[in-house]
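Sequence lines set the chain letters: A, B, ... in the order given, protein chains first and strands last, and positions in each chain run from 1.
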There are 2 protein chains.
Amino acid sequence: MQRSVKMKDVARAAGVSVMTVSRAFKKDGSVRPETRDAILKVAEELGYVFDSTAANLRSQRTDFIAVTIPSINNANFADTVAGLSDVVSGEGLQVLLAYTNYDMEQEERAIEQLLRRRPEAIVVTGGKHTPRARRLLESAGIPVVEAWDLPPDPVDNVVGFSNAATMETMVTHLVAQGHTRIAFIGGDADADTRGADRRHGFSGAMSAHGLTCDRLIEAGPPPISMREGASAMARLLELHPDTEAVVCVSDLSAFGALTECQRRGLRVPEDMVITGFGAYEIASVCVPTLTTVNPFPQKIGEETARLILQALQKPARHQVRQIAPELVVGGSSERHVERVSG
Amino acid sequence: MQRSVKMKDVARAAGVSVMTVSRAFKKDGSVRPETRDAILKVAEELGYVFDSTAANLRSQRTDFIAVTIPSINNANFADTVAGLSDVVSGEGLQVLLAYTNYDMEQEERAIEQLLRRRPEAIVVTGGKHTPRARRLLESAGIPVVEAWDLPPDPVDNVVGFSNAATMETMVTHLVAQGHTRIAFIGGDADADTRGADRRHGFSGAMSAHGLTCDRLIEAGPPPISMREGASAMARLLELHPDTEAVVCVSDLSAFGALTECQRRGLRVPEDMVITGFGAYEIASVCVPTLTTVNPFPQKIGEETARLILQALQKPARHQVRQIAPELVVGGSSERHVERVSG
DNA sequence: CGTGGCATTGGTATCGTTATCAAAGCAACT
DNA sequence: AGTTGCTTTGATAACGATACCAATGCCACG
């Protein structure tokens, strides 16, 4: 059994002490280069695999960065994790990922599980948590980052943007195009807090523009799929056939809505204007391209990573870093349909 | 500092020994229910958070299942991880994820890092690895699963399917529709072994049907995006304008190709037949729907999980579980375009 | 009433590394 | 030569849980 090769065995074989072997495995250990090379060679020959469980306990460091996201199967959150992971892995830190299925109870359990692993820092998506989850985060004694949101009362650090404000921008864009009968397709308000914020942002913006906001289509619990976007569009057309434009909670539902229009022979944007959210790849490839909002998910991850690395070096609390989202106007809301460079 | 609350402190506060506290935190510990409840209550009040780093070392169990995937931002692999995670989490096991960017060197490093964490089992995507990565897996002393492939010489267990065979099915389907001038859009052969297998499967199938196979479009290194699918289609139309059908390495590139046709006014499937791979959601939503192959990614994950759970209970080696992929015929390859139920 | 068996609890050594302190070796200086 | 300072190495005691064995209390039974 190779598995029982320990540092002691390597030390014996290399003719040094375990302490020297230990140092040889650290990158900044003060070991003579020739000694280190010899040790690593012996270790490789013996099939030794460093045991971080022991190192973790003794050094009180795990080099884990804990992260919770609503769903692993969402390109936006995946981009955030990728950005975060790429930056922290350069410092020898590893992401420990858990997902919550857009459920605060499950988030609480995930946070508890993650904290037991003694991560160096923890990142959660969104700013709404169960009371106990909040307590766990507050007393964790490590840097906490809430991402993808701007919570009114942050636990600690924040890297995000105002979901509501993006909808304001979007409604203003549509009103500028001359539309007034504007609908919203989104999920159930409670489960997906970012989706709910967008819904509230939409209603607020409509009121601000003096428009009535009675075309809200519930697309069910998150995540809202393309298919659910399509069926929501079908429902919208039944309930409010005179709708001019529809704001969707994400590009996925927006694309679904777009296909439903295509199936019904409705032209986009001539007969129906559609907008999405997230700047998923599909938004810039489909025909017509989708008007959307780019929240720069990867950038959120990278900025989160940088914030964490700083906080680990020199403790700091309650930092807020806003990532300004960008309106991306596509053919789905404009007469002049641009083309994707092929 | 709450962080310094240890089991000893809980034990003292609850008036029991540390051993009893330890047992109270295990689900099957032999502790009187009232004692357990009292201990857990005291622990919660003190803000005690169980320290698994210590438990891991002493019990020689981490309850980690290590997993490497080529990219976190791929719905198919995400589904596999979700399926795996859902099943193992029921047994108190947690997925420890790393990604390789479709690079064997990076896979080797990821595997080494993961093994240091002493996982209970390790899952890798695909059946091709660097010699050292293979050695690491072989001597890890834990169950190993290669997923998403049927390697000719497996390291240990396998849960997957033949990527080449799926292309055989696809070509046969297209030939049955009367097509002969069939092209392939895919990535560079070396980096993505599954993509390469599909390419080889395609060429083999073409030859088997007596067709020439000279319409291979290189779409660059993986992952092949929608946009790359679109530009590959543009190149194909320049090089071989008389192409009747194109087999794409994935639904993403297939959708990109579809949009390129739409922009050029080519009708699908009348003027151009397109097929994909993966049964991504978009394949069943876009207009027309895409003919594709469903490899049941979630099922691969679930089956992998079950195999691992069995192997952990009763050691077993070299099991192979095939997940039969399914041809999904959509509107992109058939005259009778079906509709998505809206 | 003594004994056996079960449920529950406690004491102690230990998992495999690293923090810490100490010492040895060596070069450069007074 | 003795001293200082630096680099490199080693011995020992932890890190905070759990495995293992032992002991206690209680009930049922002959």
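Here A:E303 pairs with A:R306 in a salt bridge; the nearest charged N to carboxylate O distance falls below 4.0 Å.
Residue A:T35 is classed as a sugar-phosphate contact, given heavy-atom separations below 4.0 Å to backbone atoms only. Residue contacts for B:V18: at a heavy-atom cut-off of 4.0 Å it reaches no nucleic acid atom on any strand shown.
On a pure distance criterion of 3.5 Å, no polar donor-acceptor pair joins the side chain of A:R118 and the base of D:dG16. You won't find any donor-acceptor pair under 3.5 Å spanning the side chain of A:R58 and the base of D:dG16, going by distance alone.
OP1 or OP2 of C:dT17 sits under 4.0 Å from a side-chain N or O of A:Y48. B:K6 has no side-chain polar atom (N or O) that falls below the 4.0 Å cut-off from OP1 or OP2 of D:dA17. When the side-chain nitrogen and oxygen atoms of B:Q60 are compared with OP1 and OP2 of D:dA19, none of them lie within a distance under 4.0 Å. At the phosphate of D:dT9, neither OP1 nor OP2 sits under 4.0 Å from any side-chain N or O atom of A:S17.
Here D:dA17 is the nucleotide among C:dG10, C:dT17, D:dA17 with the atom lying nearest to any side-chain atom of B:A55. If you check C:dT9, C:dG16, D:dT9 against the side chain of B:R23, the one that comes closest is C:dT9.
Nearest-nucleotide assignment on DNA chain C puts the 5′-proximal partner with B:R32, out of B:S59 and B:R32. Between B:T20 and A:L57, it is B:T20 whose nearest contact on DNA chain C lies nearer the 5' terminus.
Rounded to an integer number of Å, the gap from B:F50 CZ to D:dG16 C1' is 9 Å. Whole-Å rounding puts the B:R12 CZ to D:dG16 P distance at 13 Å. One interatomic measurement links the two molecules: NZ of B:K26 to P of C:dT8, which rounds to 18 Å at whole-angstrom precision. Going from atom CD of B:E34 over to atom C1' of C:dT9 covers 14 Å, rounded to whole Å. If you measure from atom CE of A:M19 to atom P of C:dA24, you get 18 Å, rounded to the nearest angstrom. Atom pair A:R117:CZ and D:dG16:P shows a separation of 18 Å (rounding to whole Å applied). Computed from coordinates, the A:M7 CE to D:dA11 C1' distance equals 16 Å when rounded to whole Å. Taking atom CD1 of A:I39 as the reference point, atom P of D:dT8 lies 13 Å away to the nearest angstrom.
Side chains of A:H129 and A:E108: a donor-acceptor N/O pair is absent below 3.5 angstrom, by distance only. No side-chain donor-acceptor contact under 3.5 Å links A:T100 and A:Q106. Between the side chains of B:N73 and A:D79, at least one donor N or O lies within less than 3.5 Å of an accepting N or O.
Between the side chain of B:E120 and the main chain of B:T62, a donor-acceptor pair closer than 3.5 Å is present.
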